[in-house]
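The structure appears below as structure tokens.
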Amino acid sequence: MMAAEDSDKLNVSDDFDDEDGPVVFKRTNTTSKKNQLLSEVKKSTSSLDGQTQRKTPDMSSSNGQNSGVQKSKISPATKTLPIDISTASTSPVSSFNVKSPVANPKASLSGDKSKPLSGSKVLNDVKEEKPSVKQLPKENSKDSDDEEDDKPLSARLKMNSNHNSKAAPIVKKPVEDSDDDDDLPLSARLSRNSGTSGSGYDHSDQKKPLLKVHKSHQEGSSTSVKQEKLVTGSVKRPLDKTSSLNSSVKKPKLSDPASSAKIKQVFVKHESKVDDDDDHIPISQRLAKSSASGNKSSSMKKIEKGVKVNKSGSALFKKQVKKMKKSGSKSEYSKSTKLLPSAGDGQKKWTTLVHNGVIFPPPYKPHGRKMLYKGKPVDLTPEQEEVATMFAVMQDTDYMQKEKFKSNFWSDWRKLLGKNHVIQNLEDCDFTPIYDWFQVEKEKKKQMSTEEKKALKEEKAKQEEKYMWAIVDGVKEKVGNFRVEPPGLFRGRGEHPKMGKLKRRIHPDDITINIGKDAPIPECSIPGEKWKEIRHDNTVTWLAFWSDPINPKLFKYVFLAASSSLKGQSDKEKYEKARMLKNYIGNIRAAYTKDFTSKDITRKQIAVATYLIDKLALRAGNEKDDDEADTVGCCTLKVENVTAEAPNKLQFSFLGKDSIKYENTVEVELPVYNAILKFQKGKRPGDDLFDMLDTSKLNAHLKELMPGLTAKVFRTFNASFTLDDMLTKDTKDGDVAEKIGTYQAANKQVAIICNHQRSVSKSHTAQMSKLTEKIAELQGVLKELKTDLGRVKKGKAPLKSPERKRNLTPDALEKKISQTNAKIEKMRRDMKTKEDLKTVALGTSKINYLDPRITVAWCKRHEVPIEKIFNKSLLAKFAWAMDVDPDFKF
DNA sequence: CCCTTGACTTGGATTAATCTTC
DNA sequence: GAAGATTAATCCAAGTCAAGGG
């Protein structure tokens with residue numbers, strides 16, 4: 001307490017950390033340092049001041065006011081009664097409970113639908129098919145866990161970071177360490193390096209102890225017992241079997257029928273289990289019985305969904321639907337619920353596809369503001385002005401400090417100006433008039449009344465309505481990005497060689513449309529222009545694409561939204577594959593451990609790389625061109641990115657995806673440590689650490705170990721496993737808020753493992769000091785209350801404005817005191833959380849790495865409304881996971 | 001094999017919407 | 001009731017990985 005009040009923020013944070021134990025403490029510290037680093041890197045030359053000096057327009061803003069009416073309608077629901085929302089709202093969310101078509105991989109399994117049925121039909125069929133295959137011996141829940149093998153190594157990492165050692169303080173990501181030790185790969189584990197292990201900390205905080213349960217660990221408390229059961233449970237997994245299987249399989253490409261079938265069988269197995277019990281009622285429903293009582297939510301929701309769809313369909317759309325139906329599908333798109341068009345037949349992704357193409361940004365409207373060149377106004381053509389404006393508007397971004405950005409911009413702009421233009425160099429350009437105009441426009445927009453804004457919004461919605469939906473196999477689905485990207489200056493991340501280049505406007509004749517054969521060709525909204533090409537390719541899911549103006553080798557695609565069944569299905573398959581890895585991981589670890597000492601250098605490198613991917617959740621690391629930012633992943637690590645610290649630690653430091661810095665120091669098995677030294681020997685700092693390796697070799701090898709296995713599966717496995725494990729271990733009885741806290745802690749842990757960072761908000765520091773102040777103030781109040789209490793008890797009048805306090809009784813004072821204390825406590829917690837998460841991005845893992853079924857099942861088990869964890873988009877995206885059994889185990 | 005093309009997932013930053021607070 | 005903070009939605013860049021062609 002006190003620390004917080006009297007100290008500056010740093011201290012405060014430390015305090016907080018203590019709460020969690022030493023580990024945390026460390027982490028925080030490191031974190032903050034990290035931030036500094038990051039920011040430095042990112043900003044490059046400019047420091048904050050840059051912003052302040054100029055007008056720092058706060059772009060954010062918004063309309064602060066909303067019309068009460070509208071708002072009120074929505075907000076209440078959202079907030080308190082989650083359930084109501086789902087049922088009541090017409091939004092897509094409502095469908096989350098419905099069984100979505102997506103969800104049934106089985107359909108694909110059955111596979112034989114030679115003939116493309118319409119969606120609903122297929123669905124029905126599918127549904128019945130449930131029975132089937134149970135090939136895999138094991139039930140999932142049990143077998144999966146083998147003793148310790150299945151834990152993600154990363155979870156167990158230990159990071160030790162000594163801050164001190166580094167001169168520069170950046171310690172970085174301390175991911176958490178893992179616990180105890182154990183993480184090692186099977187055999188290794190036995191021998192494991194005990195020495196270091198424990199490290200001073202193993203705090204028991206939750207973070208680490210992943211599965212080690214059976215072993216000593218006791219932190220777990222009551223839950224541990226339970227867990228143990230689960231974990232050790234059985235499992236004798238057919239690893240052997242599988243492995244042999246695999247080996248025999250030669251190329252398991254998914255497309256390969258045989259291998260895919262195999263995978264699917266596995267899926268089926270899981271699925272069947274899940275399906276079997278659907279009796280459980282969705283949690284949200286249970287809790288909120290207020291809303292509909294009793295019945296199964298799914299049926300209800302289904303209805304709702306139907307309604308909604310009908311409502312939203314535009315006339316045009318309906319027409320199309322009709323037409324389409326004629327051509328084959330009879331299902332009512334609005335109603336279909338479960339089916340999956342899936343991949344039963346080979347590569348086919350859909351049978352019928354109807355959509356309206358894409359919408360273009362409005363043409364450029366010249367504003368006529370003249371920029372200055374050597375102090376004098378310059379006339380620009382609309383085209384020239386447009387590009388000048390793109391640049392002017394970026395005056396207060398960090399890009400302005402980057403020479404590369406400016407030179408690339410200049411180079412492209414100059415082409416528009418022409419060699420002989422008055423403007424001969426960028427240095428003498430003053431874009432202020434344009435910048436100021438822009439700020440004014442922005443302000444105007446901000447000042448518009450609520451009504452005006454609303455009207456504008458509706459207008460836009462109306463124009464976009466027809467582009468928002470597609471009908472896939474008779475089911476109306478949301479389109480993800482139907483807006484063509486507007487022209488602008490390329491904003492590459494990190495030190496991207498092409499930053500600042502003009503990203504030209506895309507026209508209809510740049511765009512290729514993909515649509516069903518029987519569907520009407522979308523009309524091109526720009527008069528006089530036409531699409532580049534029309535295709536009818538049902539082996540792909542994109543609706544349209546154009547080539548990237550910055551890098552013509554790349555394409556920009558228009559896909560369905562995440563809530564679509566097509567996306568949902570592949571999402572589910574992704575998680576099923578990761579779950580499958582759980583059954584193979586023991587053998588995989590044993591295999592690579594053995595290869596740590598292989599004489600075959602390639603094997604050895606593959607082994608070490610696989611180990612790093614498994615333990616640290618590193619990305620595969622494809623090769624990159626020179627015209628891209630220089631970042632690396634596992635296979636592309638350079639010698640200089642890894643520093644060996646005797647006796648057995650490796651310090652990693654490199655720029656990963658999006659030029660996000662990965663900093664971590666971790667203890668490794670001695671053979672790995674030695675192997676790294678060997679790979680580094682005789683090489684220069686910039687040379688490839690794994691010179692015999694690339695992602696295709698690595699993945700080819702992984703595929704021999706498990707069908708469909710690739711490097712990225714480890715990340716998914718790691719993340720989901722960690723979540724499941726931490727939730728199982730750390731969830732305690734308590735109120736919903738506490739449980740959510742547990743969830744967030746697990747989520748945070750995963751984010752740290754995956755190195756999902758975010759930049760610290762500009763106002764973070766200010767916010768922290770404000771909180772600190774506020775706490776101090778409350779503390780003052782508290783003191784006064786205590787004094788008064790003492791006086792009142794003795795029959796004296798309270799100090800200060802006694803007349804106002806005259807009526808206070810001791811009881812009332814005591815109550816106030818405790819309220820104030822509670823308030824202070826809460827503030828402290830909030831502050832700690834804020835500091836703790838200032839550089840951690842929780843969203844990415846939630847969206848991409850955590851099997852939603854883990855979350856849904858946990859919510860069901862612990863009566864936490866799912867809406868507390870998943871927002872509207874996530875609920876829609878994970879519709880396929882909503883009916884999971886509460887006992888689901890990843 | 002190696003290299004390129006193609007398609008789809010992952011990711012941080014921005015912007016917009018909503019909620020909190022004073 | 002507006003400023004400030006938080007959260008959700010959007011945007012689009014940057015990865016992964018399969019497949020095709022030579």
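Computed from a prediction, not measured in an experiment: that's the story for all the values here. Reminder, nothing fancy here: chain letters follow the sequence lines and each chain counts from 1.
Nucleic acid contact class of A/G633 (heavy atoms, under 4.0 Å, all strands): none. Nucleic acid contact class of A/E628 (heavy atoms, under 4.0 Å, all strands): none. At a threshold of 4.0 angstrom between heavy atoms, the contacts of A/G656 are confined to the sugar-phosphate backbone, with no base atom among them. Residue-level contact check: A/T695 touches neither bases nor backbone, having no heavy atom under 4.0 Å from any strand. At the heavy-atom level, A/K498 lies nowhere under 4.0 Å from the strands shown. Among the atoms of the strands shown, only primed sugar atoms or phosphate atoms (P, OP1, OP2) are found under 4.0 Å from some heavy atom of A/T631. Residue contacts shown for A/N871 are limited to sugar-phosphate atoms, with no base heavy atom under 4.0 Å away. Within the 4.0 angstrom heavy-atom criterion, no nucleotide atom of any strand lies near A/P552. Using a 4.0 Å heavy-atom criterion, one finds that A/A629 contacts no nucleic acid atom at all.
Atom CG of residue A/L543 and atom NE2 of residue A/H355 lie 4.5 Å apart, to the nearest 0.5 angstrom.
Here the side chain of A/W542 is nearest to one of B/dA7, C/dC12, B/dG11, namely B/dA7. Of the listed nucleotides (C/dT16, C/dC12, B/dG11), B/dG11 has the atom at the smallest distance from the side chain of A/R715. Picking from B/dT9, B/dA13, B/dC8 the nucleotide with the shortest atom distance to the side chain of A/K567 gives B/dT9. Picking from C/dG4, B/dA13, B/dG11 the nucleotide with the shortest atom distance to the side chain of A/T844 gives B/dG11. Closest approach to the A/S873 side chain among C/dA9, C/dT6, C/dC17 is made by C/dA9 (side chain taken as heavy atoms from C-beta onward). Listed candidates were B/dG11, C/dA18, B/dT9. Nearest to the side chain of A/K657 is B/dG11. When distances are taken from the side chain of A/K556 to each of C/dT6, C/dA13, C/dA14, the shortest belongs to C/dA13. For A/F490, the listed nucleotide lying nearest its side chain is C/dA14; candidates were C/dA14, B/dG12, B/dA7. The side chain of A/R619 lies closest to C/dT16, out of C/dT16, C/dT6, B/dC8. Distance from the side chain of A/K703 is smallest for C/dA18 among the nucleotides C/dC17, C/dA18, C/dA14.
Checking A/R493 against A/K445, the closest nucleotide of DNA chain B that is more toward the 5' end is the one next to A/R493. Between A/T716 and A/K774, it is A/T716 whose nearest contact on DNA chain B lies nearer the 5' terminus. In terms of position on DNA chain C, the residue among A/V484 and A/E623 whose nearest nucleotide sits closer to the 5' end is A/V484. Of the residues near DNA chain C, A/G480 and A/A711, the one whose nearest nucleotide (by heavy atom distance) lies more toward the 5' end is A/G480.
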Practice item. Please step through salt bridge (Lys or Arg N to Asp or Glu O under 4.0 Å) for the pair A/K834 and A/D830, ending with a clear verdict. Key: CA-CA 6 Å; A/K834 184 189 276 258; A/D830 290 351; over 6 Å; no

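Salt bridge A/K462/A/E459: absent, no basic N to carboxylate O contact under 4.0 Å.
Here A/F490 and A/H496 bring their ring centres to under 6.0 angstrom of each other.
At a cut-off of 3.5 angstrom, counting only N and O atoms as typed in the model, there is no donor on one side facing an acceptor on the other between the side-chain of A/K712 and the base of B/dT9.
The side-chain heavy atoms of A/N408 and A/K404, taken from C-beta on, include a pair separated by under 4.5 Å.
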